[in-house]
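All values reported here derive from a predicted model rather than from experimental measurement. Residue numbers start from 1 in every chain, and the chains themselves are labelled A, B, ... in the order their sequence lines are given, proteins ahead of strands.
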Amino acid sequence: MAYWLMKSEPDVYGIEHLRRDRLEVWDGVRNYTARNFMRDEMSVGDLAFFYHSNAKPPGVAGVMRIHRTGVVDPTQFDPESHYHDPKSDPDDPRWICVEVEFVEAFDELVPLQDLKDNPDLADMAVVQRGQRLSVQPVTDREWEIVLGMAKG
DNA sequence: GCCAACGTTGGC
DNA sequence: GCCAACGTTGGC
């Protein structure tokens, strides 16, 4: 089983929305590297950190599980959507994503600053300068360390 | 195929 | 609101 970190802006869709909805299609990703992780690397049952970006403060808010893979992102074919992609061919959709399932919301968010301050996480993708990728792999070790920080 | 211009992300 | 980093676009 693999581990991941997936970003969303909590003002748009945060961990509390997922707690309410239980299941959610992770649509709107329009970066090929992030798409490739979802399309090619994720498996049902993988776990992912739900990361709050563009938040005060930004950080890891909880855990979710990959519930379904190979999901055609419906927004690419919706002319009303901000994520509409007129170049995507319905017979060969460009944007494939996953459906995620709520697992838990941490009692307290683990702030990005705490991740940066932890020398054991120096190599973690999310703390790297200029790292914008919205879907990132997390190593087993990083996963355990961050979970430990979340649970005190 | 190069690369400048432009758009987006996301921390601060 | 600023701006650094980085991805994409499009002219050549």
### Query
Which nucleotide in the list B:dG11, B:dG10, C:dA5 gets nearest to the side chain of A:Leu112?
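Of the options given, the side chain of A:Leu112 lies nearest B:dG11.
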
Side chain of A:Arg129 (C-beta onward), nearest among C:dA4, B:dG10, B:dC12: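 Among the listed nucleotides, the one closest to the side chain of A:Arg129 is C:dA4.
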
Just to confirm, is there a sub-4.0 Å distance from OP1 or OP2 of [N] to any side-chain nitrogen or oxygen of [X]?
X	N	result
A:Lys87	C:dT8	no
A:Arg132	B:dT8	no
A:Lys7	B:dG10	yes
A:Tyr51	B:dT9	no

### Residues, nucleotides or ligands: over 12 heavy atoms within 6.0 Å of A:Glu108 CD
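No, the 6.0 Å shell around CD holds no more than 12 heavy atoms from other groups.
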
Using whole Å, what does the distance between atom [atom2] of nucleotide [N] and atom [atom1] of [X] come to?
X	N	atom1	atom2	answer
A:Leu133	C:dA4	CG	P	22 Å
A:Asn31	C:dC6	CG	P	13 Å
A:Asn54	C:dC2	CG	P	16 Å
A:Gln136	C:dA5	CD	P	17 Å
A:Tyr83	B:dT8	OH	P	11 Å
A:Asp85	C:dG7	CG	C1'	15 Å
A:Asp114	B:dG11	CG	P	14 Å

| task | Might you work through the salt bridge (Lys or Arg N to Asp or Glu O under 4.0 Å) test for A:Arg19 and A:Glu16, ending with a clear yes or no? | result | CA-CA 5 Å; A:Arg19 188 209 294 274; A:Glu16 292 306 325; 2.7 Å; yes

Next item on the list: Please round to the nearest 0.5 Å and tell me the distance separating atom CZ of A:Phe37 and atom CG of A:Asn31.
Entry: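 A:Phe37 atom CZ to A:Asn31 atom CG measures 9.5 Å (nearest 0.5 Å).
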
Distance alone, cut at 3.5 Å: any donor-acceptor contact between the side chains of A:Thr75 and A:Arg30?
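Side-chain D/A pair, A:Thr75 to A:Arg30: present.
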
With sugar-phosphate meaning primed atoms plus P, OP1 and OP2, does A:Arg30 contact a base, only sugar-phosphate, or nothing at under 4.0 Å between heavy atoms?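 Contact class for A:Arg30: none.
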
Margin query: Under 4.0 Å, heavy atoms only, any strand: does A:Lys56 hit a base, just the sugar-phosphate, or nothing?
Written below: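 Contact class for A:Lys56: none.
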
Exercise for the section: Over 60° means perpendicular and under 30° means parallel, so classify the ring planes of A:Trp26 and A:Tyr13, tilted if in between. Expected result: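 Perpendicular: the ring planes of A:Tyr13 and A:Trp26 meet at over 60°.
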
